[in-house]
Amino acid sequence: MNDAEAKFTTLQELMWPEPGICTEQHLYFRNNGVCGPTENGFRFFSGSGIGFNTWFNLFNVGTWKRQCGLETLSLLLEGEGTFKVTVFGLPKGRSGEQRDYIVDLSGDVPWIRLDLSDLMAEIGDTSVIFFELQVAGEEALLKQASWQTEDVARRQPKIALAVTTFRRESEVAQTVERFCAFRKSSHLKDHVELLITDNGKTLNLPPREAVTVIGNENLGGAGGFTRGLLEARARGASHCLFMDDDASIHMPSLERTWALLAYAKDPATAVAGAMISEQHRWAIWENGARFFGRCQPLYMGTDLRDFHQAMAMEWDISGPPPSELYGGWWYFAFPLAQVSHLAFPFFVRGDDVSFSLINAFNIVRLNGVVSFQESFTEKESPQTWYLDLRSHMAHHLSLPALDVGKRGVLKIPVWFFLRNLPRMHYETLAAINLALEDVMKGPSVFDEHADMAQRRADLKALTQQESWKDLPDIHALPPVRNAPPAAWKRHMMKLCLNGLLLPGFSHLGKKITVLADHRGALGFCWGASEITFVNATRNKTYTVRHSKKAAWREIRRFAKNAVAFLKSYESLLAAYRAEYDTLTSEGYWRSKLSLEDHNMSATAEADATTVQ
């Protein structure tokens with residue numbers, strides 16, 4: 001690389017469909033004619049072309065200007081052959097601009113750099129840029145394309161990827177292989193390392209460069225990620241990236257994240273990855289989320305195959321972030337210097353919310369930075385409802401910024417309860433009551449149950465009907481309900497609490513089957529006295545049935561708990577706020593994780609099964 005080349009920094013390279021992660025083509029490119037990917041790049045034949053007006057490969061000028069003050073931008077193309085290149089700049093709310101070029105990559109220099117700084121300045125601060133290629137000869141090859149800048153980076157982040165796992169040996173082994181292959185060829189080789197907190201102490205991996213496995217007590221995600229954070233600090237990392245153990249991301253996401261953190265004006269900048277359900281890999285599950293009263297995923301359902309939906313989301317994201325924004329720990333990169341509070345000991349569920357809200361991060365979202373996950377709806381169980389309610393109430397009791405008063409806090413369990421009562425999830429109602437009772441014991445209950453061992457056993461014991469079981473024959477199930485009943489029927493059933501106030505409803509109500517897409521949709525349940533739920537792969541099921549006895553038992557228990565909560569609210573509020581700092585302190589976690597020695601690296605090395 002000569003001096004002229006050295007002054008350019010890559011901000012974003014093209015991403016391509018990847019088997020095992022996502023192969024939804026229109027999320028990455030839109031092609032026409034005879035062209036397609038090969039081992040060496042994207043090959044074109046006469047008359048063919050490709051467009052990168054897609055969520056993974058557009059460049060969000062608004063985000064980079066707002067967060068990094070970006071002044072220069074260029075497009076580097078590498079390949080063979082002659083192309084017509086059209087670059088589009090689309091601002092929000094007005095006509096866009098375009099630039100046309102004919103580029104010949106058939107000479108001695110198989111690349112060209114197009115300066116787009118003037119175009120970027122012209123289209124304004126809420127805009128995106130993308131490009132299209134049309135082959136101008138008989139055949140051509142695009143090896144790679146990247147968005148670059150001449151701006152000088154403000155810092156050189158050193159990122160420690162912190163992964164927490166519990167007895168998922170094969171998934172972690174695949175993650176390690178993908179990380180090592182990525183690191184070997186990436187310009188980030190000296191800027192990233194992988195720390196795996198093994199809560200099950202079952203991993204046995206061969207030594208790999210820049211990979212460390214640390215045995216840890218099983219205190220859930222809160223304890224595992226905290227252990228990773230403490231070790232990242234001790235190893236001199238500037239940033240930590242919490243990531244799921246199966247790492248269902250495109251590894252170039254790490255390069256985009258690093259670049260944003262390197263150029264960010266605000267040293268408190270953090271990057272929150274989006275999440276897409278594996279069931280529908282073309283739809284956003286959430287791209288950041290808000291928390292106030294409950295978790296509110298942002299942009300849920302956005303169809304990334306649709307150009308207009310993807311653009312609308314990106315234009316919106318490039319503006320000021322919403323209040324109470326938080327990032328999920330499936331992919332969350334943050335500056336260690338900004339961390340004043342560690343995780344609250346929730347075990348799992350809610351630790352990422354609390355961590356984001358209490359630490360003053362400037363949370364940014366980047367197109368293409370996303371993790372593909374199992375659907376949260378399919379993961380629902382009495383245990384997840386228990387964990388969610390505990391954390392929801394604790395957030396409002398602990399954090400002054402979320403103060404909504406006693407009736408506001410009580411609305412949360414009421415909402416949880418009413419979501420499950422018509423669905424006949426009586427075991428979930430029992431779990432909700434247990435969560436409310438535990439919250440009323442004060443913040444010490446989170447410390448006492450930090451490993452959730454007893455509560456997991458309790459919840460497992462009460463979960464009989466609402467657990468997935470093998471489905472021998474889907475054709476033997478009751479009729480599938482594909483749409484909610486008519487509005488007037490739903491209204492009538494609401495008045496009688498879905499048959500709870502009707503004698504003999506067990507026999508009068510319908511027996512139906514509800515598929516995975518609609519499992520969480522309350523509207524599908526009205527008028528049913530027996531519901532069989534089927535998972536996404538249609539190989540597991542469970543059935544719930546109308547029971548006045550079970551329903552009224554949990555209603556009476558909930559009413560008693562609600563009165564007790566209102567009476568004890570002031571003392572609970574004082575206790576949670578008084579203890580929050582302690583339960584999120586480094587001293588607390590060092591003691592909880594048996595890390596009394598302040599030399600974390602030495603401790604980790606002694607516990608590690610794989611070290612750098």
Side-chain angles (χ1 to χ4, degrees), residues 1-15 52-79 85-91 96-99 101 103 109 111-131 133 142-159 186-192 238-239 250 252-267 269-271 314-315 317-319 333 335 362 364-369:
M1 180 181 291
N2 57 38
D3 291 342
E5 287 297 292
K7 68 179 183 178
F8 289 93
T9 301
T10 296
L11 303 177
Q12 181 177 306
E13 288 188 344
L14 292 180
M15 286 186 184
F52 293 102
N53 55 335
T54 61
W55 186 67
F56 274 96
N57 287 317
L58 63 83
F59 185 82
N60 193 321
V61 169
T63 294
W64 283 91
K65 275 192 170 184
R66 181 181 182 84
Q67 300 298 334
C68 305
L70 197 69
E71 296 181 351
T72 63
L73 181 68
S74 59
L75 174 62
L76 178 68
L77 300 171
E78 303 172 68
V85 183
T86 304
V87 182
F88 298 88
L90 290 185
E97 299 288 335
Q98 75 177 62
R99 301 287 188 271
Y101 309 86
V103 301
V109 182
W111 58 267
I112 190 169
R113 183 178 286 108
L114 307 175
D115 188 352
L116 303 174
S117 301
D118 290 344
L119 174 61
M120 182 175 69
E122 186 173 347
I123 60 178
D125 293 347
T126 306
S127 55
V128 300
I129 287 182
F130 59 88
F131 70 98
L133 296 178
L142 176 67
K143 292 183 178 179
Q144 184 54 279
S146 55
W147 303 99
Q148 298 186 331
T149 186
E150 293 181 81
D151 293 13
V152 178
R154 291 177 169 83
R155 62 192 64 82
Q156 294 290 309
K158 181 181 178 183
I159 303 179
S186 173
H187 64 274
L188 295 186
K189 179 181 170 89
D190 298 326
H191 298 278
V192 293
S238 62
H239 293 75
H250 294 299
S253 295
L254 302 177
E255 294 176 336
R256 296 188 184 189
T257 299
W258 187 91
L260 192 284
L261 296 174
Y263 280 87
K265 294 184 293 184
D266 185 350
T269 296
V271 174
E314 286 303 309
W315 281 326
I317 279 175
S318 67
N362 168 40
V364 179
R365 292 153 289 173
L366 284 174
N367 60 292
V369 178

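Residues take their numbers from the sequence shown, with the count starting at 1.
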**Asked** Side chains of L90 and L58: does their closest heavy-atom pair fall under 4.5 Å?
**Response** no
**Asked** Got L260 and V369 here, is their nearest side-chain heavy-atom distance under 4.5 Å?
**Response** no
**Request:** Please check if any side-chain donor atom of T9 sits under 3.5 Å from a side-chain acceptor atom of T149, or the reverse.
**Result:** no
**Prompt:** Under 3.5 Å, is there a donor-acceptor pair linking the side chains of S186 and E255?
**Reply:** yes
**Request:** Mind listing the closest non-hydrogen atom pair of G368 and S253 along with its distance?
**Result:** O-OG, 3.4 Å
**Request:** Count the heavy atoms belonging to other residues, nucleotides or ligands that lie under 6.0 Å from CG of D115, then report whether that count exceeds 12.
**Result:** yes
**Request:** Would you check if F88 and N53 make a side-chain contact, meaning some heavy-atom pair closer than 4.5 Å?
**Result:** no
**Request:** Tell me yes or no: between the side chains of T269 and N362, is some donor less than 3.5 Å from an acceptor?
**Result:** yes
**Request:** Supply the atom-to-atom distance I129 CD1 to L119 CG, rounded to the nearest 0.5 angstrom.
**Result:** 4.5 Å
**Item:** I159 and L254, any side-chain heavy atoms less than 4.5 Å apart
**Value:** no
**Prompt:** Which heavy atom of P91 sits nearest a heavy atom of I123, and at what distance?
**Reply:** CB-O, 3.2 Å
**Message:** If you take the centroid of each ring, where Trp contributes its six-membered ring, are F52 and F131 closer together than 6.0 Å?
**Reply:** yes
**Request:** Test side chain to side chain contact (heavy atoms under 4.5 Å, CB included) on L14 and Q144 and set out the steps.
**Result:** CA-CA 7 Å; L14 292 180; Q144 184 54 279; 3.2 Å; yes
**Side-chain touch P267/R154, heavy atoms, less than 4.5 angstrom** = no
**Item:** Of Q67, E314, Q12, the residue whose pairing with N60 passes side chain to side chain donor-acceptor pair (under 3.5 Å)
**Value:** E314
**Asked** How many angstroms lie between atom CG of L261 and atom NZ of K158, to the nearest 0.5 angstrom?
**Response** 15.5 Å
**Message:** Looking at every non-hydrogen atom in both residues, tell me the closest pair between Q148 and F8 and how far apart they are.
**Reply:** OE1-CB, 3.7 Å
**Prompt:** Atom CG in N367, atom OG1 in T63: separation rounded to 0.5 Å?
**Reply:** 7.5 Å
**Request:** Show your working on side chain to side chain contact (heavy atoms under 4.5 Å, CB included) between W55 and V128 and close with a plain yes or no.
**Result:** CA-CA 10 Å; W55 186 67; V128 300; over 6 Å; no
**Message:** Using a strict threshold of under 4.0 Å (side-chain N to carboxylate O), is an ion pair present between R99 and E122?
**Reply:** yes
**Complete:** For P157 and S238, the nearest pair of non-hydrogen atoms, with its separation, is CA-OG, 3.4 Å
**Asked** Is any side-chain heavy atom of I112 closer than 4.5 Å to a side-chain heavy atom of Y101?
**Response** no
**Item:** Euclidean distance, E78 CD relative to E13 CD, rounded to 0.5 Å
**Value:** 7.5 Å
**Prompt:** Out of curiosity, S127 OG to M120 CE, how far, rounded to the nearest 0.5 Å?
**Reply:** 8.5 Å
**Request:** Decide yes or no for N57 and W147: does some side-chain heavy atom of the first lie under 4.5 Å from some side-chain heavy atom of the second?
**Result:** no
**Complete:** d(L77 CG, L133 CG) to nearest 0.5 Å is 6.0 Å
**Item:** Stepwise side chain to side chain contact (heavy atoms under 4.5 Å, CB included) test for L11 and F59
**Value:** CA-CA 9 Å; L11 303 177; F59 185 82; 3.9 Å; yes
**Sequence neighbours excluded, every pair satisfying salt bridge (charged side-chain N to carboxylate O under 4.0 Å, His left out) that has a member inside residues 61-74** = K65-D125
**Prompt:** Using the ring of each side chain (for Trp, its six-membered ring), is H191 parallel, tilted or perpendicular to W258, with breaks at 30° and 60°?
**Reply:** tilted
